[in-house]
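For ligands, and for the atoms within them, numbers begin at 1 and follow the listed sequence.
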Amino acid sequence: MLNEARKRLIFALDVDSFDKAQAWVELLREQVGLFKVGKQLFTRCGPQVVEMIRELGSDVFLDLKYHDIPNTVAKAGVEACRLGVGMFNVHALGGLEMMQQTVAEVDAWCRDAGQTRPLMLAVTILTSSTEETLRGVGIDRPVTEMVPKLAKLARDAGFDGVVASPQEVGLIREVCGDGFAIVTPGVRPAFASLDDQKRVTTPATAIAAGASHLVIGRPISAAVDPVEAARLILGEIADALNR
Ligand code: C5P
């Protein structure tokens with residue numbers, strides 16, 4: 001069960017140098033299934049950082065959230081496949097055609113290369129966005145309506161899952177069914193919550209609600225003993241999977 005839990009734990013490599021990224025991968029690769037490389041690290045270090053993680057035997061979630069004209073996103077998706085990442089993402093707000101063309105070109109490239117297709121994820125609404133943010137860009141709909149709508153659009157385009165806040169997992173499961181990946185950041189393990197009264201989504205709650213993967217950064221990186229923190233999180237995930 002711990003191995004099953006490990007596949008679901010994604011560590012956010014939110015650092016600004018190749019050496020720091022490498023040190024985290026070497027430290028945590030036994031506990032963590034995938035390492036998330038986002039815009040900061042990728043802009044600083046480029047594809048070499050992805051290659052380093054793969055050479056150390058770990059898998060990569062390339063979190064670059066592509067959003068552009070369909071042709072550009074499709075070609076970027078193919079390059080993510082060429083790098084051998086296990087997961088990459090786009091913004092569902094880029095629309096159905098953008099996502100469909102990306103699926104088509106990625107599928108064709110992976111078939112020709114004899115490579116397994118990476119898990120293709122769509123960001124619905126960023127967890128930092130509120131209804132006010134949406135109104136500011138002319139979207140006069142509640143977040144709770146936009147999130148399942150965009151998740152369904154991604155599924156209809158042939159995507160494998162979405163990135164969403166733990167609070168939205170139930171809504172997404174309802175419209176997208178089982179087997180659709182739901183990757184949730186913003187999770188705080190039970191041990192990291194200083195105040196029992198504070199409402200936090202723990203790994204166990206997120207998994208029980210239907211999350212398939214958890215993105216966790218600071219609760220591990222800022223812990224006094226990061227390996228122990230990752231182990232405790234794996235235990236929480238494994239317990240939730242056993243229930
Ligand atoms: O907060 P933490 O360090 O665990 O964040 C890990 C990753 O998840 C970060 O890369 C951050 O951008 C993302 N995140 C998010 N939504 C949140 C909290 C964190 O997308 N509410």
Is the count of non-hydrogen atoms from other residues, nucleotides or ligands lying under 6.0 Å from Arg218 atom CZ greater than 12?
no

Considering only the protein, which heavy-atom contact is closest to atom 8 (O) of ligand 1, and what is its distance?
Pro185 CB, 3.4 Å

State, with a plain yes or no, whether a side-chain heavy atom of Phe88 is found less than 4.5 Å away from one of Leu121.
no

With a 4.0 Å cut-off on heavy atoms, is Gly38 touching ligand 1?
no

The reported gap from CG in Leu171 to OG1 in Thr144 (rounded to nearest 0.5 angstrom) is 6.5 Å

Taking 4.0 angstrom as the limit and counting only heavy atoms of Val215, give me the atoms of ligand 1 inside it, by number and element.
7 (C), 8 (O)

Atoms in ligand 1 with a heavy atom of Arg218 nearer than 4.0 Å:
1 (O), 2 (P), 3 (O), 4 (O)

If I take atom CG from residue Leu34 and atom NE2 from residue His213, how far apart are they, to the nearest 0.5 angstrom?
6.5 Å

Is it the case that atom CD in Glu97 sees more than 12 heavy atoms from other parts of the structure closer than 6.0 Å?
no

Kindly confirm or rule out an N or O of Ile216 lying under 3.5 angstrom from an N or O of ligand 1.
no

Can you pull out the closest protein heavy atom to atom 19 (C) of ligand 1? Residue, atom name and distance to 0.1 Å, please.
Gly186 N, 3.9 Å

Give the atom numbers and elements of ligand 1 that come within less than 4.0 Å of a heavy atom of Ala12.
6 (C), 7 (C), 10 (O)

So which heavy atom in the protein is nearest atom 16 (N) of ligand 1, and how far is it from that ligand atom?
Thr127 OG1, 2.6 Å

Atom 11 (C) of ligand 1: nearest protein contact (heavy atom, Å):
Asp14 OD2, 4.4 Å

Measure Asp63 to ligand 1 on non-hydrogen atoms and call it side chain, backbone, both or neither using the 4.0 Å cut-off.
neither

Answer whether the closest heavy-atom distance between the side chains of Val15 and Gln40 falls below 4.5 Å.
no

In terms of ring plane angle, is the pair Phe35 and Phe11 parallel, tilted or perpendicular, where the classes change at 30° and 60°?
perpendicular

Are Thr184 and Val215 side-chain neighbours, meaning at least one heavy-atom pair lies under 4.5 Å?
no

Looking only at atom types and distance, does a side-chain atom of Arg29 sit under 3.5 Å from a main-chain N or O of Leu56, one as donor and one as acceptor?
yes

Which atoms from ligand 1 have a heavy atom of Lys36 less than 4.0 Å away?
10 (O)

Got the closest protein heavy atom to atom 4 (O) of ligand 1, with its distance?
Gly217 N, 2.8 Å

Can you find a protein heavy atom closer to atom 14 (N) of ligand 1 than 4.0 Å?
yes

In the structure I gave you, are the side-chain heavy atoms of Leu150 and Val147 within less than 4.5 Å of one another anywhere?
no

Location of contacts on Pro219 toward ligand 1, heavy atoms closer than 4.0 Å:
side chain

Just to be sure I read this right, does ligand 1 sit under 4.0 Å from the backbone of Lys39, its side chain, both, or neither, counting only heavy atoms?
neither

